[in-house]
Asker: 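One structure, as structure tokens, below. Some questions next.
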Amino acid sequence: MHQVDVCIVGAGPAGSTLSHFLHKLNIDHLLIDKSQFPRDKICGDGITVDVLNVLKRIDPLLLEKFSQESEMLPSWGFCFNGPKGQELRYDFKEAGFPVAPFFTSRRMDLDDFLIRELPEGGSGEFWPETELKGLQRIEDGFEALVNRQGREEKIRCKIIIGAEGEKPVVTRYLGLEHFREKDHLLAAIRIYYKDLKGFDPGNHLEFFFDPHLLPGYFWAFPLSNNEANVGLGMLSTSIAAKKINLKKSFEEIIQRNPHIAPRFEGAVALEKTKGWGLPIMTPKRQIGGEGYALIGDAGGMIEAFTGKGIGPGMMSARIASEHIEKAFAEKDFNFQAYHEHMYRYYRSEIKHTYRLQKSLKHTWILNPVMSLASWSPLTRYAEDRMIRDFLKWV
């Protein structure tokens, strides 16, 4: 029997980030994951400024080390490409940031970096190849049954944290709803490519709004070694309503879209199409309660319009760590306050992204919006606003 104060199930960015913060707080904890690292995870691989902020909060040296890793590609801007080829491009190369405001990194590399940089010894342990097989409440917390490298073991903890991704088992064992129904789920596919053309020298993140995909979008994100993460995503309700086959749509778009097809001349696919579901933010999902909290994808910490998940996932871990510290100080292990904190923190983002999902369903809406947004004074205002906000983060 292994006794620990906090057990974190899942060692992706959210789970490993929480472990980093609990090490800083000297809180006894155990991080488990069913996989051996490094391992792949289907994702868009975009790293936003909120990730950089969390790394800096863990340790400024960790952010510095991250930015110097060869597999972490700095990205100095992004571009929205409209149905008619309109470009709404923002470049922050001369904005005075200490590091690039965005990066791209294969999840295999990002997740492995976060695990490798965990302190040795101290207040926490990491058990790879350890799968949760059962969970029950006991008088002073939880008892978890795990399969650790083929051996059955039991773990007792005061607090259980679900961080195991979009198909969480902690949620199921606790009897909670996960809201995987179509209204709260994005579907996406990803393919890694070699020698994709047309990227900005600043490694900009490229978003394309194809008329047949609205309100979804196609993306192309540059990676190290002249590779790229390419994919498309859409709200599941729209996929059902339009009877869309994402894999077939992907193939059609890279062949017929005049603003996308030229980029694929001579490009080589490095893998077969991989798909996954992304549970999006909704306050209907209960992510904190007596003795438990859900973070990252397990808590639905994915922004509804862009599918951004790494940043909100790591931010949920940071906020959860504050509530865990408070729980031990006050001997009160109900995490309803964490639930309320997270949805208060992301209230405006949830409202605006759902509104965007509903409004950008048709080209007759998107085209004038893109034209207006491309107006120079408005573009400069938006860029200045983003620079001010980004500087607050980093």
Asker: Sequence neighbours excluded, which residues qualify as side chain to side chain contact (heavy atoms under 4.5 Å, CB included) partners of P98?
Answerer: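 Partners of P98 under the side chain to side chain contact (heavy atoms under 4.5 Å, CB included) test: V394.
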Asker: Can you name the ring-ring contact (aromatic ring centres under 6.0 Å, His included) partners of F218, sequence neighbours left out?
Answerer: F250
Asker: Scan residues 37-60 for pairs that pass ring pair (Phe, Tyr, Trp, His ring centres under 6.0 Å), counting only residues two or more places apart or in two chains.
Answerer: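 Matches after skipping sequence neighbours: F37-F126.
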Asker: Do other residues, nucleotides or ligands put more than 12 heavy atoms under 6.0 Å from the CZ atom of R344?
Answerer: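 Atom CZ in R344 is packed in, count exceeds 12.
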Asker: Considering non-hydrogen atoms only, spot the tightest contact between A163 and I295 and give its length.
Answerer: CB-CG1, 3.6 Å
Asker: Please write out which residues are connected to L223 in a hydrophobic cluster, directly or through intermediates, given that two of Ile, Leu, Val, Met, Phe, Trp, Tyr count as joined at side-chain heavy-atom separations below 4.5 angstrom.
Answerer: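 Its cluster mates, by chain and number, are Y192, L270.
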Asker: Show your reasoning for whether salt bridge (charged side-chain N to carboxylate O under 4.0 Å, His left out) applies to D111 and R39.
Answerer: CA-CA 8 Å; D111 294 17; R39 57 94 179 95; 2.8 Å; yes
Asker: More than 12 heavy atoms of other residues, nucleotides or ligands under 6.0 Å from CD of E271: is that the case?
Answerer: yes
Asker: Which of these passes ring-ring contact (aromatic ring centres under 6.0 Å, His included) with F221: F102, F207, Y193?
Answerer: F207
Asker: Please name all residues satisfying ring-ring contact (aromatic ring centres under 6.0 Å, His included) with F142, sequence neighbours left out, ordered by chain then number.
Answerer: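 Not a single residue meets the ring-ring contact (aromatic ring centres under 6.0 Å, His included) criterion with F142.
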Asker: Rounded to the nearest 0.5 Å, what separates atom CE in M314 from atom CZ in R57?
Answerer: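 Spacing of CE (M314) from CZ (R57) equals 12.0 Å.
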Asker: So which pairs with a foot in residues 152-161 pass salt bridge (Lys or Arg N to Asp or Glu O under 4.0 Å), sequence neighbours left out?
Answerer: D5-K158, E143-K154, E143-R156, R148-E153, R151-E153
Asker: Ring pair (Phe, Tyr, Trp, His ring centres under 6.0 Å): which pairs involve residues 40-71, sequence neighbours left out?
Answerer: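 Non-adjacent pairs meeting ring pair (Phe, Tyr, Trp, His ring centres under 6.0 Å): F66-F103, F66-F113.
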Asker: Using only heavy-atom distances, determine whether the side chains of H29 and S19 contain a donor-acceptor pair under 3.5 Å.
Answerer: yes
Asker: So, E322 and R318, do they make that salt bridge, N to O below 4.0 Å?
Answerer: yes
Asker: Mind checking ring-ring contact (aromatic ring centres under 6.0 Å, His included) for H2 and listing every partner two or more places apart, or none if nothing turns up?
Answerer: W127
Asker: So which pairs with a foot in residues 61-77 pass salt bridge (Lys or Arg N to Asp or Glu O under 4.0 Å), sequence neighbours left out?
Answerer: K65-E117, E69-R116, E71-R106
Asker: If you round to the nearest 0.5 Å, how far is CZ of F390 from CG of D50?
Answerer: 9.5 Å
Asker: Under the salt bridge (Lys or Arg N to Asp or Glu O under 4.0 Å) definition, can you give me all pairs with a residue in residues 128-139, not counting sequence neighbours?
Answerer: E131-K133
Asker: Looking at every heavy atom in both A298 and R285, which two are closest together, and how far apart are they?
Answerer: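 For A298 versus R285, the nearest heavy atoms are O-CD, 4.4 Å.
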Asker: Quick one, F80 with F78, criterion ring pair (Phe, Tyr, Trp, His ring centres under 6.0 Å). Give me CA distance, side-chain angles, the key distance, then yes/no.
Answerer: CA-CA 7 Å; F80 292 124; F78 62 89; 5.5 Å; yes
Asker: Which residue pairs pass the salt bridge (Lys or Arg N to Asp or Glu O under 4.0 Å) test with at least one member in residues 14-24, sequence neighbours excluded?
Answerer: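 Non-adjacent pairs meeting salt bridge (Lys or Arg N to Asp or Glu O under 4.0 Å): zero.
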Asker: Are a donor atom and an acceptor atom from the side chains of Q336 and Q286 found within less than 3.5 Å of each other?
Answerer: yes
Asker: Could you give me the CA-CA distance, side-chain angles and deciding distance for R89 and E206, then say whether salt bridge (charged side-chain N to carboxylate O under 4.0 Å, His left out) is met?
Answerer: CA-CA 9 Å; R89 187 173 298 276; E206 302 283 345; 2.9 Å; yes
Asker: Going by ring-ring contact (aromatic ring centres under 6.0 Å, His included), name the residues that satisfy it together with F21, two or more places apart in sequence or in a different chain.
Answerer: none
